[in-house]
Amino acid sequence: MSDSPVITASGGTLTAERVRHKPASKTVNPLRIGLQTERNPQACAMVIFGVSGDLTSRKLMPALYDLYVSVPLPPGFSIVGISRRDWSDDEFRSVMRDAVRENATRPFTDDAWDSFARGLFYVRGDFDNPELYGQLRERLETVDSERGTNGNHLYYLATPPSFYEEISAGLGNAGLVKRQEIYSNPRANGWDRIVIEKPFGHDLASAQHLNAAINAVFAEPQIYRIDHYLGKETVQNVLAFRFANILFEPVWNRHYVDQIQVTVAESLGIENRAAYYEEAGALRDMVQSHMLQLLSVVAMEPPAFFNGDALRDEKVKVLRSVVPPDGDRVAKDVVRGQYSDGYVAGTEVVGYREEDGVDPDSRTETFVSLKLEIDNWRWNGVPFYLRTGKRLPRRVTEIAIQFKSVPHLMFKLTEGQTLPPNVLTMRIQPDEGISLRVAAKVPGAGTKLQPVQMDFDYGASFGQAGPDAYVRLLLDAMLGDPTLFARDDEIDTAWSLMQPILDVWADQPSTMPIPTYEAGTWGPAEAELLLANDRRTWRRP
Ligand code: BG6
């Protein structure tokens, strides 16, 4: 037995010999040690545009409080909130207090809150009014000198996308942006970065226009385009699984993989977001962003480094190898659908066209399934099947890699028996983990075979769930680490894959019906056909 050290609760190390005499309860799960972060950002002022919105209360403010008490953020960390509401600093603090109490993960204490709240300030204004930016500049000057944020500013656009261009230009015109052309370039007078929520553009042309507009003010290393899927622990774990283990890469290619299925299923409907969703639909809302991110991390080549450029170069490279599903391929390889009324988890729900705020003749898709092919040496001939939808039977996100069957089976199967091939399933949510389906011999005389599961459960192994995606991503933005944010060419390439589909759909006559599916089912019959044509079936996760 090797004497490799074990880390104890007190932070010391024990050899295996000493561990044998140590009561088990005194040692901690060594996997948990890595959960503590050693990444401490500089003090900065975060400016949130659209601070009265839902995103700030549900996600941003709780994540910032969690970071403040857990990392911890420097005492000078400050937040300047901006919206049209007529709030004083104190009213703003009081609304945020409730949001943090309700949604933060870390325990809420009055002491921690009071210290955090001292750094909260509010500026009222309209995003299209140049005066707002003058007021903001004055406020930031005071914060910088009184709280020691030293010109470090993180601008966060939590507004509807129609304001992105205007706000970026407003900041530029008011001299609030120090342009910085390269990553990690510490400057005496601080840094300015901008974080932009999805959707980034509505189609290829608008995304390119927006990229150009933001780039006129901020250099690319200052722009952090958020896709919260990249902040999910289990999405990052796909990278660790692939590139920190020797076992899987040798079979991660067309010689061994038969097909890959990516599912992002939601049981929820569109909630109160009809206005946004009617314009977006599932292809823009989920496929262009989250699902293509999942596809890139699973299909890309190994990057040389875990850093912003190396990782994103590989993601862009693989996306560029995806065959655009254009022309006739759209009819053959892309299925859209819209939910009708039905039951989800035993509760009766209305159909999409009956949802509040939805056009009764709406042609917006709430479901998409598609087959993509990647034309490169690794993946040639391996279909990637993607599907996503609202009002499906349950919430589950998973990537399933189905391997080929063995070339020769020496075991005799019983009459009618087939042996299902190996499947490696990465569950992104819920029940985060990884399972491998393998064939095993059933105990007893004879050689009956049966598939069994080898399971790794994220929560059980590490003893606690990972932080919320926003906690991770906000910290990365403060640290100036863009690895888990989308770069301009990534956004561009993703949209260029979606654009041909959008064009074909836009050209279809409005009299052409859209397939429907009953709420609480796995999508329209056409989605089953998509795989049946390839003699395959969707998994039932
Ligand atoms: C958002 C979409 O980006 O992601 C929503 O706009 C969707 O429509 C959500 O519900 C899903 O995120 P998660 O983290 O719940 O899987």
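We use all heavy atoms of the structure for the numbers below, so side chains are in, but hydrogens, waters and symmetry mates are not. All ligand and atom numbering here is 1-based and tracks the order in the structure. Keep in mind that what you see is a predicted model, and the values were worked out from it rather than measured.
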**Item:** Between Ser83 and Tyr122: side-chain donor-acceptor atoms closer than 3.5 Å
**Value:** yes
**Item:** pair Asp534-Lys371: side-chain heavy atoms closer than 4.5 Å
**Value:** yes
**Prompt:** Which residues satisfy the side chain to side chain donor-acceptor pair (under 3.5 Å) test with Ser168, sequence neighbours excluded?
**Reply:** none
**Asked** Near ligand 1, which residues have a heavy atom under 4.0 Å away from one of its atoms?
**Response** Lys198, His228, Tyr229, Lys232, Glu266, Arg273, Asp285, Met286, His290, Lys390, Arg395, Gln429
**Item:** Phe367/Tyr517 aromatic ring centres below 6.0 Å
**Value:** yes
**Prompt:** Does anything in residues 473-482 pair up under salt bridge (charged side-chain N to carboxylate O under 4.0 Å, His left out), and if so which pairs, sequence neighbours excluded?
**Reply:** Arg39-Asp476, Arg39-Asp481, Arg472-Asp476
**Message:** Can you list everything that forms a side chain to side chain donor-acceptor pair (under 3.5 Å) with Asn237? Sequence neighbours excluded, please.
**Reply:** none
